[in-house]
Amino acid sequence: MTLSDKNILLIIGGGIAAYKCLDLIRRLRERGASVRCVMTHAAQQFVTPLSVGALSADHVFTDLFERQDEHDVGHIRLSREADLIVVAPATADLMAKLANGLANDLASTVLLATDKPVLVAPAMNPRMWAHKATLRNVATLRADGVHFVGPRKGEMAESNETGEGRMAEPLEIVAAIESLVDTAPKPLAGKRIIITSGPTHEPIDPVRYIANRSSGKQGHAIAAALARLGADVQLVSGPVDLDDPDGVSTNHVQTAREMEAQVHALLPADAAIFVAAVADWRSADSADEKIKKVAGAGAPAIQMVENPDILAGVGHHKNRPYLVIGFAAETQNMIDNAKAKLKKKGADLIVANDVSHQGGAMGGDDNMVSIISRTGTDEWPRMPKEAVAARLALLVAERLKTISV
Ligand code: CTP
């Protein structure tokens, strides 16, 4: 029971995603939490206080001026008695009120009166989410320390539009709540894990370099998921456009050789996970000065040499970590190629992803992977990179359970 004795105050905003709150309440109570609900006037157009009250097994609070509500509990006590306030769905209107300190109904008054952590799960039409006013409010809320889960990309319930704006799934919201109240189990406490992520940049001259399309999203998500399970995570990241993940030590590098040196400097470790899309080759001698275009001289020939294989170097190292995991991006014969890589690189597991499909792993938000070990293959369904990360982190915890501490 990861949430036993926790009091969650759930503020339900007026959006079609309000129906998902019924499931959210059930999931939270299954984990031992007490859930008390506040519904805005608009929320009651989508789900009834009767259903919300039946699932939460408590009075549902709807009105700032209702004598019974204000007299019995009051907005100050409502926020004081909670360990965490969750706003789901967080509509554009609710976020705008919170960002600007407006308090003209029970939900916004509770939010202004609280000093407890607040988690919002936005849900709205993609155009509303992308509107400058909403972006401004989101930035203000983040700066104020409000936590976010979602929104996700996907089809909108009320129209045929797709885009960013769909509320995170109830289980994702539960995971975010667990990590905020910090009652999530820590099966990786005391374990040191090295992880590489992102592309590498191989210089040709001081201004030009060879790179690839890796965004680092998957590797960074895995680093964050491992940290949430209590691991001491050492992330070695190539150049990416992402924030350093929370709770992780991030080491920034540019080239494959720098990445290799950093990984070896961080050994020994209990596990090492190689997610980085390391450039296979680099320019043999990167020029110290910018290569000039000389009329009539034609294009310069770039002599390439092979980069060290970082995964293979660690997989075959005499002090190799107990668990070594590689990734394989394939466009054909995915399973066979991954099996060959397992052997060649001395890995225990290969996470193979098919990068041939449109909107595939490279740069996208979703991933569909197969986990290949010496004993078989486990195919996982397509899911967001965060979900792949969470599941892989649990698999790592399972595998590391067998080493004595
Ligand atoms: N890898 C590495 N160092 C390299 C190249 C790759 O550590 N110089 C790691 C990657 O991080 C990944 C795995 O090896 O975990 C597989 O990389 P991939 O590029 O798919 O395989 P290659 O060995 O480069 O084979 P190919 O490109 O021919 O598929």
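Just follow the structure's listing: the first ligand is 1, and inside any ligand the first atom is 1. Quick note: numbers below take in every heavy atom, side chains included, and nothing from hydrogens, waters or symmetry partners.
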Report task. Under 4.0 Å from a heavy atom of Phe274: give me the atoms of ligand 1 that qualify, with their elements. Result -> 11 (O), 12 (C), 15 (O)
Report task. May I ask you to identify the nearest protein heavy atom to atom 4 (C) of ligand 1, giving residue, atom name and distance to one decimal place in Å? Result -> Val278 CB, 3.5 Å
Report summary line: Taking only non-hydrogen atoms of Ala328 and a 4.0 Å limit, the atoms of ligand 1 in range are 20 (O)
Query raised in the report: Can you find a protein heavy atom under 4.0 Å from atom 20 (O) of ligand 1?
Result: yes
Requested in this report: Below 4.0 angstrom from a heavy atom of Leu311, which ligand 1 atoms are there? Numbered from 1 as shown, please.
Outcome: 2 (C), 7 (O), 9 (C), 13 (C), 14 (O), 15 (O)
Query raised in the report: Numbering the atoms of ligand 1 from 1, which are under 4.0 Å from a heavy atom of Ala329?
Result: 20 (O)
Please tabulate, for side-chain N and O atoms in residues 278-307, each donor-acceptor pair with protein atoms closer than 3.5 Å (sequence neighbours left out).
{"unit_1": "Arg282", "atom_1": "NH1", "unit_2": "Glu306", "atom_2": "O", "d": "3.3"}
{"unit_1": "Arg282", "atom_1": "NH1", "unit_2": "Asn307", "atom_2": "OD1", "d": "2.8"}
{"unit_1": "Asn307", "atom_1": "ND2", "unit_2": "Glu202", "atom_2": "OE2", "d": "3.4"}
{"unit_1": "Asn307", "atom_1": "ND2", "unit_2": "Ala279", "atom_2": "O", "d": "2.8"}

Requested in this report: Name the closest protein heavy atom to atom 16 (C) of ligand 1, giving the residue it belongs to and the distance to 0.1 Å.
Outcome: Phe327 O, 2.7 Å
Query raised in the report: Has Ala276 got any heavy atom lying under 4.0 angstrom from an atom of ligand 1?
Result: yes
**Report entry** Atom indices of ligand 1 within 4.0 angstrom of Gly326 heavy atoms, with elements
**Finding:** 15 (O)
**Report entry** For Pro308, the ligand 1 atoms whose distance to one of its heavy atoms is below 4.0 Å
**Finding:** 3 (N), 4 (C), 8 (N)
Query raised in the report: Which class fits the ring pair His317 and His264: parallel under 30°, tilted 30 to 60°, perpendicular over 60°?
Result: tilted
Query raised in the report: Got a donor-acceptor contact below 3.5 angstrom from the Asn212 side chain to the Ala277 backbone?
Result: yes
Query - Salt-bridge contact Lys20-Asp23 (side-chain N to carboxylate O under 4.0 Å) - result: no
Query raised in the report: Which atoms from ligand 1 have a heavy atom of Asp280 less than 4.0 Å away?
Result: 5 (C), 24 (O), 27 (O)
Query raised in the report: At what distance is the nearest protein heavy atom to atom 3 (N) of ligand 1, and which residue and atom is it?
Result: Ile310 N, 3.0 Å
Query raised in the report: Do His252 and Ser237 have side-chain N/O donor and acceptor atoms under 3.5 Å apart?
Result: no
**Report entry** Heavy atom of protein closer than 4.0 angstrom to atom 28 (O) of ligand 1
**Finding:** no
Report summary line: shortest atom 26 (P) of ligand 1-to-protein heavy-atom contact is with Lys341 NZ, 3.9 Å
Query raised in the report: Where's the contact between Ala277 and ligand 1, heavy-atom distance under 4.0 Å: side chain, backbone, both or neither?
Result: neither
Distance-only donor-acceptor pairs under 3.5 Å for side chains of residues 84-99, two or more places apart:
{"unit_1": "Thr91", "atom_1": "OG1", "unit_2": "Leu94", "atom_2": "N", "d": "3.1"}
{"unit_1": "Lys97", "atom_1": "NZ", "unit_2": "Asn104", "atom_2": "OD1", "d": "3.2"}
{"unit_1": "Lys97", "atom_1": "NZ", "unit_2": "Asp105", "atom_2": "OD2", "d": "3.4"}

Query - Arg36 side-chain N/O to Val60 backbone N/O, donor-acceptor pair under 3.5 Å - result: no
Query raised in the report: Do the charged groups of Lys191 and Asp232 touch, with an N to O distance under 4.0 Å?
Result: no
Query raised in the report: What do you reckon, does Lys345 put a non-hydrogen atom under 4.0 Å from ligand 1?
Result: yes
Query raised in the report: Counting N and O atoms only, with roles assigned by atom type, does the side chain of Lys6 sit under 3.5 Å from a partner on the main chain of Ser34, one being a donor and the other an acceptor?
Result: no
Requested in this report: Inspect the contact between Glu379 and Arg382 and indicate whether a charged nitrogen and a carboxylate oxygen are less than 4.0 angstrom apart.
Outcome: no
